[in-house]
Number of protein chains: 2
Amino acid sequence: MSATPSTKPAASDTADNRDAPTRCRILEAATALYAEHGFDNVSLRQITRAAGVNLASVNYHFGSKDNLAAEVIASRVNPINRQRLDLLTSAEQLTDGEPVPLKAIVRAFLSPMFSFVASDPEAGPMNLKLMGRCMSQRDLPMSEASLPLFREVTRRYPDAVKRTLPDLPVEVIQWRMLFSVGVVAHAMLHADLLNRITGGASSRLDPDTVMQQAVDFCTAGLRASWQPD
Amino acid sequence: MSATPSTKPAASDTADNRDAPTRCRILEAATALYAEHGFDNVSLRQITRAAGVNLASVNYHFGSKDNLAAEVIASRVNPINRQRLDLLTSAEQLTDGEPVPLKAIVRAFLSPMFSFVASDPEAGPMNLKLMGRCMSQRDLPMSEASLPLFREVTRRYPDAVKRTLPDLPVEVIQWRMLFSVGVVAHAMLHADLLNRITGGASSRLDPDTVMQQAVDFCTAGLRASWQPD
DNA sequence: GTCTATAGGGGGATAGAC
DNA sequence: GTCTATCCCCCTATAGAC
(Lines give C-alpha, C1' and ligand atoms only; values in the text may rest on other atoms or scores of the structure.)
Protein backbone atom coordinates (compact mmCIF):
# COMPACT_ATOMS: atom_id res chain seq x y z
CA MET A 1 0.00 0.00 0.00
CA SER A 2 2.94 2.33 -0.18
CA ALA A 3 3.01 5.25 -2.57
CA THR A 4 6.11 3.98 -4.27
CA PRO A 5 5.54 0.76 -6.22
CA SER A 6 7.40 -2.16 -4.78
CA THR A 7 7.26 -4.21 -7.97
CA LYS A 8 8.54 -3.44 -11.42
CA PRO A 9 6.81 -0.19 -12.40
CA ALA A 10 4.34 -0.32 -15.25
CA ALA A 11 4.66 1.72 -18.44
CA SER A 12 3.27 5.22 -18.20
CA ASP A 13 3.00 8.23 -20.48
CA THR A 14 3.25 10.89 -17.84
CA ALA A 15 6.89 10.31 -16.84
CA ASP A 16 6.25 11.01 -13.18
CA ASN A 17 9.32 9.09 -12.15
CA ARG A 18 10.76 11.41 -9.57
CA ASP A 19 11.16 8.51 -7.17
CA ALA A 20 12.97 6.37 -9.74
CA PRO A 21 15.83 8.54 -10.95
CA THR A 22 17.60 5.86 -12.92
CA ARG A 23 14.51 4.93 -14.90
CA CYS A 24 13.94 8.59 -15.67
CA ARG A 25 17.54 9.20 -16.60
CA ILE A 26 17.43 6.26 -18.97
CA LEU A 27 14.34 7.66 -20.67
CA GLU A 28 15.90 11.08 -21.05
CA ALA A 29 19.16 9.77 -22.43
CA ALA A 30 17.41 7.41 -24.82
CA THR A 31 15.14 10.19 -26.04
CA ALA A 32 18.06 12.46 -26.86
CA LEU A 33 20.02 9.69 -28.59
CA TYR A 34 17.05 8.49 -30.61
CA ALA A 35 16.43 12.03 -31.79
CA GLU A 36 20.03 12.49 -32.79
CA HIS A 37 20.85 9.15 -34.42
CA GLY A 38 17.52 7.46 -35.13
CA PHE A 39 15.82 4.55 -33.44
CA ASP A 40 17.81 1.95 -35.35
CA ASN A 41 21.25 3.36 -34.66
CA VAL A 42 21.46 3.54 -30.88
CA SER A 43 22.76 0.73 -28.69
CA LEU A 44 21.91 0.04 -25.09
CA ARG A 45 25.50 0.70 -24.18
CA GLN A 46 25.35 4.20 -25.64
CA ILE A 47 22.19 4.90 -23.68
CA THR A 48 23.45 3.65 -20.33
CA ARG A 49 26.75 5.45 -20.82
CA ALA A 50 25.01 8.74 -21.54
CA ALA A 51 22.61 8.25 -18.63
CA GLY A 52 25.39 7.34 -16.23
CA VAL A 53 23.62 4.15 -15.19
CA ASN A 54 24.43 0.50 -15.38
CA LEU A 55 23.94 -1.54 -18.51
CA ALA A 56 21.73 -4.09 -16.80
CA SER A 57 19.33 -1.46 -15.49
CA VAL A 58 17.64 -1.10 -18.84
CA ASN A 59 16.56 -4.69 -18.87
CA TYR A 60 15.49 -4.43 -15.25
CA HIS A 61 13.30 -1.36 -15.76
CA PHE A 62 12.02 -1.94 -19.28
CA GLY A 63 12.42 -5.65 -19.93
CA SER A 64 14.08 -5.23 -23.30
CA LYS A 65 15.53 -2.73 -25.70
CA ASP A 66 12.36 -2.72 -27.78
CA ASN A 67 10.19 -1.96 -24.78
CA LEU A 68 12.34 1.04 -23.97
CA ALA A 69 11.94 2.39 -27.48
CA ALA A 70 8.21 1.71 -27.38
CA GLU A 71 7.89 3.70 -24.17
CA VAL A 72 9.83 6.66 -25.56
CA ILE A 73 7.64 6.64 -28.65
CA ALA A 74 4.41 6.29 -26.69
CA SER A 75 5.43 9.18 -24.46
CA ARG A 76 5.35 11.41 -27.53
CA VAL A 77 2.67 9.88 -29.71
CA ASN A 78 -0.10 9.08 -27.24
CA PRO A 79 -0.49 12.59 -25.83
CA ILE A 80 -0.62 13.91 -29.37
CA ASN A 81 -3.45 11.63 -30.40
CA ARG A 82 -5.36 12.35 -27.19
CA GLN A 83 -5.00 16.05 -27.80
CA ARG A 84 -6.15 15.62 -31.38
CA LEU A 85 -9.33 13.94 -30.21
CA ASP A 86 -9.94 16.54 -27.48
CA LEU A 87 -9.44 19.45 -29.86
CA LEU A 88 -11.78 17.95 -32.43
CA THR A 89 -14.42 17.38 -29.77
CA SER A 90 -14.10 20.99 -28.65
CA ALA A 91 -14.39 22.27 -32.20
CA GLU A 92 -17.46 20.15 -32.84
CA GLN A 93 -19.13 21.39 -29.67
CA LEU A 94 -18.45 24.98 -30.69
CA THR A 95 -20.17 24.63 -34.05
CA ASP A 96 -23.09 22.87 -32.40
CA GLY A 97 -23.93 20.31 -35.07
CA GLU A 98 -22.83 22.38 -38.04
CA PRO A 99 -19.78 21.19 -40.03
CA VAL A 100 -16.51 22.38 -38.51
CA PRO A 101 -14.57 24.86 -40.67
CA LEU A 102 -11.84 23.02 -42.56
CA LYS A 103 -9.02 25.11 -41.20
CA ALA A 104 -10.11 24.34 -37.63
CA ILE A 105 -10.04 20.63 -38.38
CA VAL A 106 -6.58 20.84 -39.89
CA ARG A 107 -5.32 22.91 -36.99
CA ALA A 108 -6.71 20.44 -34.46
CA PHE A 109 -5.01 17.65 -36.38
CA LEU A 110 -1.59 19.23 -36.86
CA SER A 111 -1.03 21.56 -33.91
CA PRO A 112 -0.64 18.80 -31.26
CA MET A 113 2.44 17.58 -33.12
CA PHE A 114 4.09 20.91 -32.29
CA SER A 115 3.10 21.05 -28.63
CA PHE A 116 6.23 19.27 -27.44
CA VAL A 117 8.40 21.46 -29.61
CA ALA A 118 7.13 24.76 -28.36
CA SER A 119 7.08 23.76 -24.71
CA ASP A 120 10.84 23.87 -24.20
CA PRO A 121 13.05 26.32 -26.08
CA GLU A 122 16.25 24.48 -25.18
CA ALA A 123 15.10 20.99 -26.15
CA GLY A 124 13.10 22.29 -29.11
CA PRO A 125 15.33 21.10 -31.95
CA MET A 126 15.68 17.69 -30.32
CA ASN A 127 11.94 17.28 -29.95
CA LEU A 128 11.45 18.44 -33.50
CA LYS A 129 13.77 15.78 -34.85
CA LEU A 130 12.36 13.07 -32.61
CA MET A 131 8.80 13.80 -33.69
CA GLY A 132 9.91 13.69 -37.31
CA ARG A 133 11.56 10.33 -36.76
CA CYS A 134 8.50 8.96 -34.97
CA MET A 135 6.27 9.84 -37.89
CA SER A 136 8.50 8.92 -40.79
CA GLN A 137 9.60 5.48 -39.74
CA ARG A 138 8.01 2.17 -40.55
CA ASP A 139 7.67 -0.69 -38.09
CA LEU A 140 8.21 1.24 -34.91
CA PRO A 141 7.81 -0.71 -31.66
CA MET A 142 4.33 0.31 -30.52
CA SER A 143 2.88 0.05 -27.04
CA GLU A 144 -0.59 -1.41 -26.53
CA ALA A 145 -2.19 1.88 -25.59
CA SER A 146 -1.24 3.53 -28.88
CA LEU A 147 -3.30 1.51 -31.32
CA PRO A 148 -6.84 2.34 -30.13
CA LEU A 149 -5.97 6.03 -30.11
CA PHE A 150 -4.67 5.82 -33.66
CA ARG A 151 -7.77 4.02 -34.80
CA GLU A 152 -10.08 6.61 -33.28
CA VAL A 153 -8.14 9.45 -34.91
CA THR A 154 -8.23 7.80 -38.32
CA ARG A 155 -11.97 7.30 -37.92
CA ARG A 156 -13.13 10.62 -36.54
CA TYR A 157 -11.03 13.03 -38.59
CA PRO A 158 -12.04 11.83 -42.06
CA ASP A 159 -15.64 11.86 -40.80
CA ALA A 160 -15.31 15.48 -39.76
CA VAL A 161 -13.76 16.47 -43.09
CA LYS A 162 -16.50 14.61 -44.94
CA ARG A 163 -19.15 16.68 -43.16
CA THR A 164 -17.37 19.89 -44.16
CA LEU A 165 -16.56 18.80 -47.72
CA PRO A 166 -19.40 16.38 -48.56
CA ASP A 167 -18.54 16.18 -52.24
CA LEU A 168 -15.06 14.77 -51.61
CA PRO A 169 -14.90 10.94 -51.68
CA VAL A 170 -13.76 9.35 -48.46
CA GLU A 171 -10.77 7.67 -50.11
CA VAL A 172 -9.55 11.02 -51.37
CA ILE A 173 -9.96 12.49 -47.90
CA GLN A 174 -7.91 9.66 -46.42
CA TRP A 175 -5.13 10.14 -48.93
CA ARG A 176 -5.06 13.85 -48.29
CA MET A 177 -4.89 13.36 -44.52
CA LEU A 178 -1.96 11.02 -45.05
CA PHE A 179 -0.40 13.72 -47.22
CA SER A 180 -0.88 16.19 -44.38
CA VAL A 181 0.98 14.00 -41.92
CA GLY A 182 3.79 13.74 -44.44
CA VAL A 183 3.99 17.51 -44.69
CA VAL A 184 4.68 17.91 -41.00
CA ALA A 185 6.80 14.78 -40.64
CA HIS A 186 9.15 15.75 -43.43
CA ALA A 187 9.34 19.36 -42.34
CA MET A 188 10.28 18.35 -38.80
CA LEU A 189 12.79 15.80 -39.93
CA HIS A 190 14.60 18.17 -42.27
CA ALA A 191 13.93 21.56 -40.74
CA ASP A 192 17.55 22.19 -39.88
CA LEU A 193 18.72 21.15 -43.35
CA LEU A 194 16.46 23.68 -45.03
CA ASN A 195 17.90 26.40 -42.86
CA ARG A 196 21.41 25.36 -43.80
CA ILE A 197 20.71 25.13 -47.53
CA THR A 198 18.93 28.44 -47.82
CA GLY A 199 21.55 30.28 -45.83
CA GLY A 200 19.44 30.40 -42.71
CA ALA A 201 19.34 34.15 -42.57
CA SER A 202 15.72 34.91 -43.27
CA SER A 203 13.82 31.70 -42.61
CA ARG A 204 13.55 31.47 -38.86
CA LEU A 205 13.01 28.08 -37.33
CA ASP A 206 10.16 29.36 -35.17
CA PRO A 207 7.85 26.36 -34.69
CA ASP A 208 4.74 28.52 -34.62
CA THR A 209 5.57 29.96 -38.02
CA VAL A 210 6.21 26.53 -39.47
CA MET A 211 2.96 25.23 -38.05
CA GLN A 212 1.02 28.15 -39.53
CA GLN A 213 2.61 27.44 -42.90
CA ALA A 214 1.79 23.75 -42.67
CA VAL A 215 -1.81 24.45 -41.69
CA ASP A 216 -2.26 26.86 -44.59
CA PHE A 217 -0.66 24.42 -47.05
CA CYS A 218 -2.69 21.41 -45.94
CA THR A 219 -5.96 23.28 -45.71
CA ALA A 220 -5.57 24.43 -49.29
CA GLY A 221 -4.52 20.94 -50.34
CA LEU A 222 -7.54 19.33 -48.70
CA ARG A 223 -9.81 21.85 -50.37
CA ALA A 224 -8.35 21.22 -53.83
CA SER A 225 -10.95 20.53 -56.46
CA TRP A 226 -11.37 16.92 -57.42
CA GLN A 227 -12.67 15.51 -60.65
CA PRO A 228 -13.83 11.91 -60.87
CA ASP A 229 -12.33 9.87 -63.69
CA MET B 1 41.50 -0.88 -74.29
CA SER B 2 39.11 -3.74 -73.79
CA ALA B 3 35.40 -3.19 -73.46
CA THR B 4 35.27 -4.86 -70.09
CA PRO B 5 37.15 -2.94 -67.41
CA SER B 6 40.13 -4.82 -66.07
CA THR B 7 40.30 -2.84 -62.83
CA LYS B 8 37.72 -2.36 -60.12
CA PRO B 9 34.69 -0.94 -61.93
CA ALA B 10 33.64 2.58 -61.07
CA ALA B 11 30.24 3.52 -59.69
CA SER B 12 27.56 4.03 -62.30
CA ASP B 13 23.86 4.89 -62.30
CA THR B 14 22.89 2.91 -65.33
CA ALA B 15 23.46 -0.59 -63.95
CA ASP B 16 24.76 -1.97 -67.22
CA ASN B 17 26.47 -4.82 -65.45
CA ARG B 18 25.63 -7.72 -67.67
CA ASP B 19 29.27 -8.77 -67.74
CA ALA B 20 29.56 -8.69 -63.96
CA PRO B 21 26.73 -10.86 -62.70
CA THR B 22 27.82 -10.91 -59.09
CA ARG B 23 28.00 -7.17 -58.80
CA CYS B 24 24.56 -6.89 -60.37
CA ARG B 25 23.12 -9.60 -58.18
CA ILE B 26 24.44 -7.85 -55.09
CA LEU B 27 22.80 -4.61 -56.15
CA GLU B 28 19.47 -6.30 -56.77
CA ALA B 29 19.47 -8.18 -53.50
CA ALA B 30 20.53 -5.11 -51.55
CA THR B 31 17.83 -3.03 -53.19
CA ALA B 32 15.09 -5.47 -52.23
CA LEU B 33 16.34 -5.85 -48.67
CA TYR B 34 16.76 -2.12 -48.13
CA ALA B 35 13.22 -1.57 -49.34
CA GLU B 36 11.84 -4.22 -47.03
CA HIS B 37 13.79 -3.56 -43.82
CA GLY B 38 15.31 -0.11 -44.16
CA PHE B 39 18.87 0.97 -44.81
CA ASP B 40 19.92 0.64 -41.18
CA ASN B 41 18.59 -2.86 -40.62
CA VAL B 42 20.30 -4.93 -43.30
CA SER B 43 23.64 -6.67 -42.84
CA LEU B 44 26.12 -7.63 -45.51
CA ARG B 45 25.49 -11.25 -44.63
CA GLN B 46 21.80 -10.95 -45.41
CA ILE B 47 22.63 -9.35 -48.72
CA THR B 48 25.23 -11.87 -49.82
CA ARG B 49 23.02 -14.74 -48.69
CA ALA B 50 20.06 -13.44 -50.70
CA ALA B 51 22.26 -12.77 -53.72
CA GLY B 52 23.91 -16.18 -53.56
CA VAL B 53 27.38 -14.66 -53.61
CA ASN B 54 30.29 -14.65 -51.27
CA LEU B 55 30.51 -12.35 -48.30
CA ALA B 56 33.83 -10.86 -49.35
CA SER B 57 32.54 -9.94 -52.80
CA VAL B 58 30.77 -6.88 -51.48
CA ASN B 59 33.98 -5.34 -50.24
CA TYR B 60 35.70 -6.27 -53.47
CA HIS B 61 33.08 -4.67 -55.75
CA PHE B 62 31.98 -1.74 -53.62
CA GLY B 63 34.77 -1.13 -51.16
CA SER B 64 32.54 -0.96 -48.11
CA LYS B 65 29.02 -1.42 -46.90
CA ASP B 66 28.35 2.30 -47.00
CA ASN B 67 29.49 2.56 -50.60
CA LEU B 68 27.05 -0.17 -51.58
CA ALA B 69 24.19 1.68 -49.93
CA ALA B 70 25.32 4.92 -51.55
CA GLU B 71 25.25 3.30 -54.98
CA VAL B 72 21.78 1.85 -54.46
CA ILE B 73 20.54 5.25 -53.36
CA ALA B 74 22.24 7.09 -56.19
CA SER B 75 20.76 4.66 -58.70
CA ARG B 76 17.33 5.91 -57.68
CA VAL B 77 17.89 9.51 -56.69
CA ASN B 78 20.18 10.78 -59.44
CA PRO B 79 17.94 9.84 -62.36
CA ILE B 80 15.04 11.49 -60.57
CA ASN B 81 16.87 14.78 -60.15
CA ARG B 82 18.10 14.70 -63.74
CA GLN B 83 14.58 14.09 -64.97
CA ARG B 84 13.31 16.93 -62.79
CA LEU B 85 15.76 19.33 -64.40
CA ASP B 86 14.99 18.08 -67.91
CA LEU B 87 11.24 18.37 -67.44
CA LEU B 88 11.53 21.87 -66.04
CA THR B 89 13.71 22.88 -68.98
CA SER B 90 11.14 21.47 -71.40
CA ALA B 91 8.30 23.29 -69.68
CA GLU B 92 10.19 26.57 -69.72
CA GLN B 93 10.95 26.19 -73.42
CA LEU B 94 7.27 25.56 -74.14
CA THR B 95 6.11 28.75 -72.45
CA ASP B 96 8.82 30.71 -74.22
CA GLY B 97 9.78 33.15 -71.49
CA GLU B 98 6.38 33.35 -69.84
CA PRO B 99 5.98 31.91 -66.32
CA VAL B 100 5.30 28.18 -66.33
CA PRO B 101 1.84 27.19 -65.04
CA LEU B 102 2.10 26.11 -61.42
CA LYS B 103 0.64 22.68 -62.00
CA ALA B 104 3.22 21.97 -64.70
CA ILE B 105 6.02 22.88 -62.29
CA VAL B 106 4.62 20.64 -59.59
CA ARG B 107 4.15 17.78 -62.01
CA ALA B 108 7.72 18.13 -63.29
CA PHE B 109 8.90 18.09 -59.69
CA LEU B 110 6.86 15.15 -58.41
CA SER B 111 6.30 12.84 -61.36
CA PRO B 112 9.93 11.64 -61.66
CA MET B 113 9.63 10.12 -58.20
CA PHE B 114 7.00 7.79 -59.61
CA SER B 115 8.84 6.79 -62.76
CA PHE B 116 10.55 3.82 -61.15
CA VAL B 117 7.33 2.67 -59.61
CA ALA B 118 5.29 2.59 -62.78
CA SER B 119 7.95 0.96 -64.88
CA ASP B 120 7.62 -2.50 -63.37
CA PRO B 121 4.30 -3.85 -62.14
CA GLU B 122 5.89 -6.71 -60.23
CA ALA B 123 8.54 -4.71 -58.42
CA GLY B 124 6.21 -1.73 -57.98
CA PRO B 125 5.52 -2.02 -54.25
CA MET B 126 9.20 -2.58 -53.56
CA ASN B 127 10.23 0.50 -55.51
CA LEU B 128 7.52 2.49 -53.81
CA LYS B 129 8.81 1.61 -50.36
CA LEU B 130 12.44 2.14 -51.34
CA MET B 131 11.73 5.59 -52.72
CA GLY B 132 9.87 6.46 -49.54
CA ARG B 133 12.82 5.31 -47.44
CA CYS B 134 15.28 7.27 -49.59
CA MET B 135 13.35 10.46 -49.06
CA SER B 136 12.39 10.16 -45.42
CA GLN B 137 15.72 9.24 -43.93
CA ARG B 138 18.36 11.54 -42.52
CA ASP B 139 22.08 11.10 -43.03
CA LEU B 140 21.95 8.73 -45.97
CA PRO B 141 25.30 7.79 -47.51
CA MET B 142 25.45 10.03 -50.56
CA SER B 143 27.60 9.59 -53.65
CA GLU B 144 29.55 12.53 -55.03
CA ALA B 145 27.42 12.91 -58.12
CA SER B 146 24.24 13.46 -56.10
CA LEU B 147 25.00 16.74 -54.42
CA PRO B 148 25.37 19.04 -57.46
CA LEU B 149 22.10 17.69 -58.86
CA PHE B 150 20.33 18.39 -55.59
CA ARG B 151 21.71 21.88 -55.47
CA GLU B 152 20.56 22.66 -58.99
CA VAL B 153 17.06 21.35 -58.26
CA THR B 154 16.76 23.39 -55.07
CA ARG B 155 17.88 26.46 -56.99
CA ARG B 156 15.89 26.23 -60.20
CA TYR B 157 12.51 25.07 -58.88
CA PRO B 158 11.93 27.84 -56.34
CA ASP B 159 13.00 30.28 -59.05
CA ALA B 160 10.40 28.90 -61.42
CA VAL B 161 7.68 29.07 -58.78
CA LYS B 162 8.69 32.62 -57.92
CA ARG B 163 8.16 33.66 -61.55
CA THR B 164 4.69 32.12 -61.54
CA LEU B 165 3.72 33.37 -58.06
CA PRO B 166 5.74 36.59 -57.71
CA ASP B 167 3.94 37.73 -54.55
CA LEU B 168 5.00 34.67 -52.55
CA PRO B 169 8.21 35.19 -50.54
CA VAL B 170 11.06 32.87 -51.45
CA GLU B 171 11.26 31.40 -47.95
CA VAL B 172 7.62 30.43 -48.10
CA ILE B 173 8.17 28.82 -51.49
CA GLN B 174 11.07 26.81 -50.09
CA TRP B 175 9.03 25.61 -47.16
CA ARG B 176 6.17 24.62 -49.42
CA MET B 177 8.47 22.70 -51.75
CA LEU B 178 9.83 20.83 -48.74
CA PHE B 179 6.22 20.14 -47.75
CA SER B 180 5.60 18.74 -51.23
CA VAL B 181 8.46 16.29 -50.94
CA GLY B 182 7.03 15.19 -47.61
CA VAL B 183 3.67 14.54 -49.21
CA VAL B 184 5.10 12.05 -51.67
CA ALA B 185 7.67 10.57 -49.29
CA HIS B 186 5.14 9.78 -46.62
CA ALA B 187 2.58 8.51 -49.07
CA MET B 188 5.10 6.12 -50.62
CA LEU B 189 6.39 4.93 -47.28
CA HIS B 190 2.95 4.18 -45.89
CA ALA B 191 0.91 3.44 -48.98
CA ASP B 192 0.33 -0.19 -48.06
CA LEU B 193 -0.66 0.70 -44.52
CA LEU B 194 -3.37 3.05 -45.71
CA ASN B 195 -4.79 0.33 -47.86
CA ARG B 196 -4.85 -2.03 -44.88
CA ILE B 197 -6.44 0.45 -42.50
CA THR B 198 -9.18 1.56 -44.84
CA GLY B 199 -10.08 -1.98 -45.80
CA GLY B 200 -8.33 -1.78 -49.14
CA ALA B 201 -11.45 -2.36 -51.14
CA SER B 202 -11.99 0.98 -52.80
CA SER B 203 -8.66 2.79 -52.69
CA ARG B 204 -6.58 1.23 -55.39
CA LEU B 205 -2.83 1.46 -55.09
CA ASP B 206 -2.46 2.62 -58.68
CA PRO B 207 0.66 4.83 -58.72
CA ASP B 208 -0.76 7.11 -61.39
CA THR B 209 -3.81 7.85 -59.29
CA VAL B 210 -1.69 8.59 -56.23
CA MET B 211 0.55 10.87 -58.26
CA GLN B 212 -2.44 12.79 -59.61
CA GLN B 213 -3.73 13.21 -56.08
CA ALA B 214 -0.35 14.39 -54.83
CA VAL B 215 0.01 16.87 -57.68
CA ASP B 216 -3.45 18.32 -57.04
CA PHE B 217 -2.80 18.55 -53.31
CA CYS B 218 0.59 20.22 -53.61
CA THR B 219 -0.47 22.60 -56.36
CA ALA B 220 -3.31 23.85 -54.19
CA GLY B 221 -0.99 24.03 -51.19
CA LEU B 222 1.61 26.05 -53.08
CA ARG B 223 -1.09 28.42 -54.29
CA ALA B 224 -2.50 28.98 -50.80
CA SER B 225 -2.89 32.62 -49.89
CA TRP B 226 -0.25 34.04 -47.66
CA GLN B 227 -0.49 37.00 -45.33
CA PRO B 228 2.65 38.67 -44.02
CA ASP B 229 2.81 39.12 -40.23
C1' DG C 1 37.36 -12.56 -59.64
C1' DT C 2 36.04 -15.66 -56.22
C1' DC C 3 36.55 -18.14 -52.19
C1' DT C 4 37.69 -19.62 -47.00
C1' DA C 5 39.02 -18.33 -42.70
C1' DT C 6 39.59 -15.27 -39.25
C1' DA C 7 40.59 -11.10 -36.92
C1' DG C 8 38.63 -7.83 -33.88
C1' DG C 9 34.94 -5.37 -32.18
C1' DG C 10 30.13 -4.46 -30.53
C1' DG C 11 25.67 -6.14 -29.78
C1' DG C 12 21.56 -7.72 -26.29
C1' DA C 13 20.56 -10.33 -22.54
C1' DT C 14 21.23 -12.54 -18.00
C1' DA C 15 23.14 -14.85 -13.65
C1' DG C 16 24.23 -13.89 -9.26
C1' DA C 17 26.56 -11.03 -5.62
C1' DC C 18 25.54 -7.02 -2.86
C1' DG D 1 17.50 -1.66 -7.05
C1' DT D 2 22.05 -1.69 -8.51
C1' DC D 3 26.26 -3.58 -10.02
C1' DT D 4 29.98 -6.78 -12.19
C1' DA D 5 31.09 -10.20 -15.12
C1' DT D 6 30.14 -12.95 -18.71
C1' DC D 7 27.73 -15.74 -22.34
C1' DC D 8 27.02 -16.06 -26.99
C1' DC D 9 25.67 -14.05 -30.93
C1' DC D 10 26.29 -11.21 -35.28
C1' DC D 11 28.80 -7.70 -37.42
C1' DT D 12 32.33 -5.50 -40.96
C1' DA D 13 36.58 -5.82 -42.97
C1' DT D 14 40.65 -8.12 -44.59
C1' DA D 15 44.45 -11.48 -45.47
C1' DG D 16 45.76 -14.88 -48.42
C1' DA D 17 44.90 -19.26 -51.17
C1' DC D 18 42.99 -20.60 -55.62
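So that the names make sense, note that chain A is the first sequence line, chain B the second, and so on, each numbered from 1.
The distance between atom CZ of B:Arg25 and atom P of C:dT2, rounded to the nearest whole Å, is 9 Å. The CZ-C1' distance, from A:Arg23 to D:dT2, rounds to 16 Å in whole Å. Following rounding to the nearest Å, A:His61 (NE2) and C:dA13 (P) show an atom-to-atom distance of 16 Å. Atom-to-atom, NE2 of B:His37 to P of D:dC11 comes out at 12 Å; the value is rounded to the nearest Å. In this structure, A:Asn54 places its CG atom 15 Å from P of C:dT14, rounding to the nearest Å. The separation between A:Phe62 atom CZ and C:dT14 atom C1' is 18 Å, rounded to whole Å. Spacing between atom CD1 of A:Ile47 and atom C1' of C:dG12 amounts to 12 Å, rounded to whole angstrom units.
Using a 4.0 Å cut-off between a side-chain N of Lys or Arg and a carboxylate O of Asp or Glu, B:Glu171 and B:Arg176 do not qualify as a salt bridge. Between B:Arg138 and A:Asp192 a salt bridge is recorded (basic side-chain N to carboxylate O distance below 4.0 Å).
Counting non-hydrogen atoms under 4.0 angstrom, B:Ser57 reaches nothing in the nucleic acid.
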Identify all pairs in which a protein N or O lies below 3.5 Å from an N or O of nucleotides 13-17 of chain D, and state each distance.
{"from": "D:dA13", "atom 1": "OP2", "to": "B:Lys65", "atom 2": "N", "distance (Å)": "3.1"}

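Applying the salt bridge (charged side-chain N to carboxylate O under 4.0 Å, His left out) test to every pair with at least one member in residues 34-55 of chain A, sequence neighbours left out, gives these pairs: A:Glu36-A:Lys129.
If you take CD1 on B:Ile173 and CZ on B:Phe179, they are separated by 13.0 Å, rounding to the nearest 0.5 Å.
Contacts of A:Arg156 classified as salt bridge (charged side-chain N to carboxylate O under 4.0 Å, His left out), with partners at least two apart in sequence or in another chain: A:Glu92.
With contacts defined as side-chain heavy-atom distances shorter than 4.5 Å, the pair B:Asn41/B:Tyr34 does not qualify.
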